[in-house]
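We count residues from 1, following the sequence as given. Just so you know, these numbers use all the heavy atoms, side chains as well, and skip hydrogens, waters and symmetry mates.
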Amino acid sequence: MAKSTGIFALAMAAVLLPFSCYAAPSKADVEAQFEKWVQSDLWPEAKANGISEKVFQAAFSGITLNWNLPDLAPPGFPPPKEQKQTQAEFSSPAPYFNEDQLKKLAATGRGFAAQYGSTLKRIEKTYGVPGSIVLAIWGRETGFGAAKIPNSAIEVLATKAFMSTRKEMFRTELVAALHILDGGDVTPANFKGSWAGALGQPQFMPTSYLKYAVDFDGDGHRNIWTSVPDTLASIANYLVKKGWQRGRDWGFEVSIPEAVSCAQEGPDLAKPLSHWASLGIDRISVKGFPSGEMKAEGMMLVPAGRDGPEFIVTPNFYVIKEYNNSDLYALYIGNLADRIAYNGGAFQGGWGDVGKMLRSDVAAMQKALERQGYDVGGSDGLPGYKTRRSIGQWQAKNGMKPTCFPEATMKGKLK
């Protein structure tokens with residue numbers, strides 16, 4: 001009996017062994033799949049898009065998968081565990097506005113403003129974007145070009161197109177990257193990007209490069225890796241194509257009286273600056289709003305609700321957000337630009353501790369508000385302006401002092 005049991009066990013092991021091998025492929029197996037994918041799947045698409053075989057083979061010479069990148073989902077491997085997500089907007093944003101870092105960037109930016117003064121004047125004349133804004137983005141993205149960008153852009157994009165959690169997006173970017181190489185602006189050896197596939201000093205994704213990169217130094221190449229004029233002009237061109245309004249500021253830090261509802265923010269509730277001023281809203285600085293801005297439209301912005309600095313911003317603020325879709329990012333750029341141009345300082349309103357809430361908590365609040373008829377802009381767990389003003393409206397309706405920001409105390413009341 002024992003003998004027959006042993007034979008049965010061996011037989012089962014022989015049956016199950018191949019399945020266990022297939023269930024857990026090795027990295028070598030995945031690398032082999034990748035090589036096959038490059039030649040039999042990606043190459044036909046690249047060829048159909050006009051990429052030459054010479055450029056394609058040169059681009060992938062020596063390219064292997066980069067297993068150190070985040071958000072990978074290799075075929076046959078267990079899916080990545082969902083991470084609890086937090087973001088600067090959910091805790092105190094103060095660390096985002098690190099004062100020492102801002103001071104250093106501003107000082108360096110003022111130096112570059114002098115060094116590249118003639119180039120910046122030509123950029124301002126051509127595109128209408130202040131040099132200080134362009135410098136601020138350059139400084140924030142890559143430390144004015146000082147940041148090391150060691151990754152092969154093709155390796156990063158190909159890895160993510162083959163086995164990331166957003167394969168289709170990166171496949172589109174990979175084909176765009178091949179078009180860049182095919183155009184001859186850069187060689188594969190110098191085609192460097194970040195771990196997310198963003199290219200060069202302005203950190204353009206390849207599709208953005210094809211749309212917005214310009215040759216401003218006149219050498220016949222759009223070079224955002226080593227040419228400062230091309231880098232700065234490309235940033236300005238990006239902003240203009242996204243709607244930058246010549247002659248307007250980005251925004252102003254203000255004081256909003258307690259009697260004025262904070263639930264009036266958002267680009268869809270734009271009013272002339274004269275309207276906001278008539279409510280008693282005024283700049284924190286003693287300067288007041290520029291007379292040339294009073295008839296132009298501005299929008300209330302309270303990124304941390306009542307527990308942080310308050311602003312009236314112009315449409316240009318939302319153009320900066322096109323570069324990086326974050327209120328804090330756009331405020332950082334605006335503040336840094338003011339420091340470079342006017343030797344300004346930190347926002348005067350302090351960033352309070354607005355929670356440390358998880359996206360899942362915020363999403364639950366958003367769904368509860370949606371059930372009550374509020375437009376929160378989608379239950380994605382991100383407290384954008386529609387969520388903030390909906391919270392303010394809900395708080396006022398329920399006899400609470402509007403704070404216009406998700407709070408832990410609301411979780412039990414918003415169901």
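A donor-acceptor distance shorter than 3.5 angstrom exists from the side chain of Asn49 to the backbone of Glu45, with no hydrogens or angles considered. No donor-acceptor pair closer than 3.5 Å links the side chain of Asn151 to the backbone N or O of Ala153. A distance-only check finds a donor-acceptor pair linking the side chain of Thr314 to the backbone of Asp249 [under 3.5 Å]. Not one N or O on the side chain of Glu370 forms a donor-acceptor pair closer than 3.5 Å with the backbone of Val376. Under a 3.5 Å cut-off, the side chain of Glu253 and the backbone N or O of Gly349 do form a donor-acceptor pair. Although no hydrogens or angles enter the test, the distance criterion places no donor-acceptor pair under 3.5 Å between the side chain of Thr387 and the main chain of Pro383. Remark: side-chain polar atoms of Ser61 are not paired, donor with acceptor, to backbone N or O of Ala58 under 3.5 angstrom. Between the side chain of Glu155 and the backbone N or O of Ser152 there is no donor-acceptor pair closer than 3.5 Å. For Trp276 (side chain) and Gly298 (main-chain N/O), a donor-acceptor pair under 3.5 Å exists by modelled atom type.
Under the 30°/60° scheme for interplanar angles, the aromatic rings of Phe56 and Trp43 are found to be tilted. Using cut-offs of 30° and 60° on the angle between ring planes, the pair Phe347 and Trp351 is perpendicular. Below 30°, between 30° and 60°, or above 60°: for Phe162 and Phe34 the angle between ring planes is above 60°, a perpendicular geometry. Between Trp67 and Phe77, the ring-plane angle classifies as tilted under the 30° and 60° cut-offs. Ring geometry, Phe204 versus Tyr323: the interplanar angle falls from 30° to 60°, so the pair is classed tilted.
Nearest heavy-atom pair across Ile340 and Ala136 is CD1-N, 4.2 Å. Nearest heavy-atom pair across Ala236 and Ile123 is CB-CG2, 3.6 Å.
Of the residues Met365, Lys413, Arg389, the one that meets the side chain to side chain contact (heavy atoms under 4.5 Å, CB included) test with Trp394 is Lys413. Here the rule is side chain to side chain donor-acceptor pair (under 3.5 Å) with Trp250, and of Asp338, Asn335, Asn316 only Asp338 fits it.
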**OP:** Let me see the working for Lys47 and Glu53 under salt bridge (charged side-chain N to carboxylate O under 4.0 Å, His left out), right down to the final yes or no.
**Re:** CA-CA 7 Å; Lys47 183 179 180 181; Glu53 184 173 8; over 6 Å; no
**OP:** Go through Arg171 and Leu157 one step at a time and tell me if the side chain to side chain contact (heavy atoms under 4.5 Å, CB included) criterion holds.
**Re:** CA-CA 7 Å; Arg171 186 177 181 120; Leu157 293 167; over 6 Å; no
Original post:
After noting the C-alpha distance and the side-chain angles of Ile281 and Ser255, does the key distance pass the side chain to side chain contact (heavy atoms under 4.5 Å, CB included) rule?
Top reply: CA-CA 6 Å; Ile281 297 173; Ser255 175; over 6 Å; no
Subject >> Working for ring pair (Phe, Tyr, Trp, His ring centres under 6.0 Å), residues Phe191 and Trp225 >> reply: CA-CA 8 Å; Phe191 196 40; Trp225 290 270; 5.7 Å; yes
Original post:
What do the steps show when you test Gln203 against Thr142 for side chain to side chain contact (heavy atoms under 4.5 Å, CB included), and what is the final call?
Top reply: CA-CA 8 Å; Gln203 288 290 276; Thr142 56; 3.8 Å; yes
**OP:** Could you walk me through whether Phe311 and Phe252 pass side chain to side chain contact (heavy atoms under 4.5 Å, CB included), step by step?
**Re:** CA-CA 6 Å; Phe311 305 89; Phe252 313 94; over 6 Å; no
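Asn66 and Thr159 share no side-chain donor-acceptor pair at under 3.5 Å. Tyr209 and Asp185 form a side-chain donor-acceptor contact under 3.5 Å, judged by distance and modelled atom types alone. Side-chain contact annotation: Asn343 with Arg339, donor-acceptor N/O pair under 3.5 Å absent. A donor-acceptor pair shorter than 3.5 Å can be found between the side chains of Gln395 and Thr403. With 3.5 Å as the limit, one finds no donor-acceptor pair spanning the side chains of Asn68 and Trp195. Under 3.5 Å, the side chains of Ser234 and Asn237 contain no donor-acceptor pair of N or O atoms. Judged purely by distance below 3.5 Å, without hydrogens or angles, the side chains of Trp138 and Gln201 pair a donor atom with an acceptor atom. A side-chain donor from one of Glu173 and Thr207 sits under 3.5 Å from a side-chain acceptor of the other.
Taken from NZ in Lys321 to CG in Leu328, the straight-line distance is 9.5 Å, to the nearest 0.5 Å. Atom-to-atom distance recorded for Gln57:CD and Ser52:OG is 9.5 Å, nearest 0.5 angstrom. The CZ atom of Arg110 sits 11.5 Å away from the CG atom of Leu135 when rounded to the nearest 0.5 Å. With values rounded to the nearest 0.5 angstrom, Met410 atom CE is found 4.0 Å from Ile391 atom CD1. Taking CD1 from Ile320 and CG from Leu331, the interatomic distance works out to 9.0 Å, rounded to the nearest 0.5 Å. For the atom pair NZ of Lys367 and CG of Leu414, the computed distance is 13.5 Å after rounding to the nearest 0.5 Å.
The pair Arg388-Glu265 counts as a salt bridge, with a side-chain nitrogen and a carboxylate oxygen less than 4.0 angstrom apart. Remark: Glu293 engages Arg248 in a salt bridge, criterion side-chain N to carboxylate O under 4.0 Å. Salt bridge annotation for Asp71-Arg166: absent, with no cationic side-chain nitrogen under 4.0 angstrom from a carboxylate oxygen. Remark: Glu310 does not engage Arg283 in a salt bridge, criterion side-chain N to carboxylate O under 4.0 Å. Residues Asp230 and Arg222 are not paired through a salt bridge, judged by the lack of any N-O separation under 4.0 Å between the basic side chain and the carboxylate.
Met163 places a side-chain heavy atom less than 4.5 Å from the side chain of Leu65. With a 4.5 Å cut-off on side-chain heavy atoms, Tyr329 and Tyr96 count as touching. Two residues are said to be in side-chain contact when any heavy atoms from C-beta on lie closer than 4.5 Å; Leu105 and Thr108 fail this criterion. Side-chain contact check for Asn223 versus Val186: every heavy-atom pair is 4.5 Å or farther apart.
For Arg306 and Phe405, the positive end is not near the middle of the six-membered ring at less than 6.0 Å and at most 45° from its axis. A cation-pi contact, defined as under 6.0 Å to the ring centre and within 45° of the axis, links Arg140 to Tyr332.
Within a 6.0 Å radius of CD in Glu99, more than 12 heavy atoms belonging to other residues, nucleotides or ligands are found.
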